[in-house]
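Below is one structure; the comments refer to it alone.
Naming: A, B, ... by sequence-line order, numbering from 1 per chain. None of the values given here were measured: they were computed from a predicted structure.
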Amino acid sequence: MSTQLVQAVWGGILFGSVYGLMALGLTLVWGAVRLLNLAHGAIFVVGSYVAYFFVSRLNLPILVALPIGVLAAAAFAYLMHLTFIRPVIGKPGFDNSTLIATVGISIAVSAAAILIFNPEYKVIPPVITGNFTVSDVQITKQGLLVIGTSLALFGLVYLFLTYTRQGMAIRAVSQQQEAASLMSIPVVRTYGMVIAISGALAGLAGVLLSPFFFLNPNSGFNPMIQALIVTIFGGLGSVRGALVAGFVLGIFESFVEVYYGVAWAQPGVFLLIILMLILRPNGLFGIGEVRRL
Amino acid sequence: MLEVRGLVAGYGGGEVLHGIDLFVNEGEGVIVLGPNGHGKTTLLRAITGLLPPRAGQVLLDGKDITHWKAEAIAAAGVIHIPQGDLLFAEMTVTENLLMGAYHGPTWSERNARLGRVYELFPWLKERGGQLARTLSGGERRMLALGRGLMSKARLLLIDEPSLGLAPIITQQIYASIHKVKQGGMSLLIADENANHVAGLADRVYLLETGSLVREGPADELLRDKALLESYLG
């Protein structure tokens, strides 16, 4: 196999799983809460910095710091729910005020990261080190871990939503909120749970990705934008859509990059999105207003 | 068990209910009869917390539940089967039913209740794996009823059980509600057709433009054709 092809496929699958992992959290929150969480990248950063702190300042192994970072991200997301989301649920202006609030949180988080740490790039060690080569392309074990984790989490989230009482309740709330409350499902608490889960996913993505992209106060921004694109491409609110779209876009971007150069990668992706939205305005797995999660 | 005192409710600037007083005793079948647009749905929504009342009180076993959340009222056993069924469209029939038993029980208890509901509506069992949005109108109504019965209901509030259904299915629906009542369930049914509810009703209220204008035992009121005709047309 040619080096170029292997490079394109490997990069595509790796990017795809990363995009998917970020998009999964976004799409869950959109599907259940109808919240476009523009703080998703900030939550990613919170998880990463907390893990970084435990690794570099307290010298804990990354395997200990990882779950702490994930929990911190979940806690931060839940705190955001309590302070900025919950007070406006069901009130007019929910969309605008939560959009502004989540953008504000993003700015505050990156400013806080600069103040507490500094604007320099930080390194989080990979969970597993080592690599091997296939046709001159370096395959890192951490990359394989990211792909495996992403796929496993999609599987877990699917099983959770399909077979558990809480997971079913999330779908119920997202499909018919009034009926859900008549079934005594605590709607607002369910929202909080979804936001916390989404936060944990973002935090995990942050800790696992920082060995590739390095960590800085704004390093959550790009993954979030990519995830937003994936989410729109796959159909806002669709878990399956996030998975498929993550890989489609990741592989597409990687092939464009390898064969036509980095400069074409982003324009190529946007062109694909525009075509897609012309053909299927609701995205790949077009979940309209009524059909969700 | 349920008592409503001076209930006032409405939407936006408009007032729909102008001070409703009613009660339902344990095991009783109470019907609120009234033409469309006179406040039946609003009444049920105000009782079960979907529409916060503006004034008045809702008491359950003497306890004031007026300002409880819908979730809490449902958890207390007051189960509202709403107009339009409000099914979880992208969930299967079985999943919809399981959501009815969200509060409280263990999985074994939930499955036992599932068995009982399937006994009452064998039709639903055959459709178990089908998505709710693919059901016909009659099946949807059965599912909505079944979902309500999955809870630990003490009092069922049913909003127009026959709305939009073919006569033969209407009969089946009322027959199954009858079975539920024979099992000792208390009922508060909003309806616009006196004939449908004749077998279920112990007591009847007549609702007109947001006020209860008559109250009495069913066998007395429902027999008074002239009175019913003047109210229901």
Side-chain angles (χ1 to χ4, degrees), chain A residues 27-28 30-32 34 86-87 89-92 157-194 234-242 282-283 285-293, chain B residues 12 41 44-45 47-52 68-92 94-107 109-111 131-134 140 143-144 147-153 156-159:
Chain A
T27 214
L28 274 179
W30 174 263
R34 281 284 139 139
R86 196 174 68 171
I89 285 172
K91 304 235 166 78
V157 166
Y158 172 78
L159 292 175
F160 172 68
L161 289 176
T162 311
Y163 295 110
T164 69
R165 171 170 167 265
Q166 292 298 346
M168 278 192 233
I170 290 174
R171 284 189 292 148
V173 166
S174 82
Q175 289 170 24
Q176 222 325 314
Q177 194 202 301
E178 200 160 79
S181 63
L182 289 179
M183 313 285 103
S184 71
I185 298 172
V187 173
V188 173
R189 219 167 65 202
T190 305
Y191 286 167
M193 182 170 67
V194 173
L236 275 162
S238 163
V239 170
R240 201 164 38 141
N282 277 329
F285 287 87
I287 302 193
E289 270 303 303
V290 195
R291 300 178 51 189
R292 297 202 238 148
L293 283 185
Chain B
T41 296
L44 298 195
R45 290 175 64 87
I47 292 174
T48 53
L50 291 179
L51 179 71
W68 285 20
K69 277 195 196 167
E71 288 122 76
I73 294 175
V78 178
I79 300 299
H80 181 174
I81 294 165
Q83 196 174 54
D85 301 330
L86 306 188
L87 299 177
F88 305 120
E90 296 299 312
M91 293 170 82
T92 65
T94 310
E95 287 174 336
N96 266 277
L97 291 173
L98 287 174
M99 281 295 97
Y102 175 86
H103 181 72
T106 58
W107 275 104
E109 168 68 18
R110 236 170 258 146
N111 286 325
L131 290 183
R133 71 179 154 87
T134 65
R140 294 173 60 87
L143 181 52
R147 190 177 60 175
L149 292 170
M150 286 292 290
S151 65
K152 221 173 153 105
L156 276 187
L157 279 66
I158 313 179
D159 199 346

*Whether over 12 other heavy atoms sit under 6.0 Å from A/F160 CZ*: yes

*How many angstroms lie between CE in B/M99 and CE in A/M183, if you round to the nearest 0.5 Å?*
10.0 Å

_Straight-line distance of A/L161 CG to B/M91 CE, nearest 0.5 Å_ = 9.5 Å

*Counting only heavy atoms closer than 4.5 Å, note whether B/I73 contacts chain A via side chain, backbone, both or neither.*
neither

*Which atoms form the tightest heavy-atom contact between A/L182 and B/T48, and what is the distance?*
CD2-OG1, 4.2 Å

_Verdict with supporting geometry, A/R189 and B/E71, salt bridge (Lys or Arg N to Asp or Glu O under 4.0 Å)_ = CA-CA 11 Å; A/R189 219 167 65 202; B/E71 288 122 76; over 6 Å; no

*What's the shortest heavy-atom distance between B/W107 and A/Y163, and which atoms?*
CZ2-O, 4.1 Å

*asked:* Let's test your reading of the structure: which of A/A172, A/A169, A/A180 forms the most heavy-atom pairs below 4.5 Å with chain B?
replied: A/A172

*Ignoring hydrogens and geometry, is there a side-chain-to-backbone donor-acceptor pair from A/Q176 to B/L86 under 3.5 Å?*
no

*Answer yes or no for A/R171 and B/F88: cation-pi contact, defined as NZ/CZ to six-membered ring centre under 6.0 Å and angle to ring axis within 45°.*
no

*In Å and rounded to the nearest 0.5 Å, what is the OG to NE2 distance from A/S181 to B/H80?*
10.5 Å

*Reported CE-to-OH distance for the pair A/M168 and B/Y102, which is rounded to 0.5 angstrom*: 11.5 Å

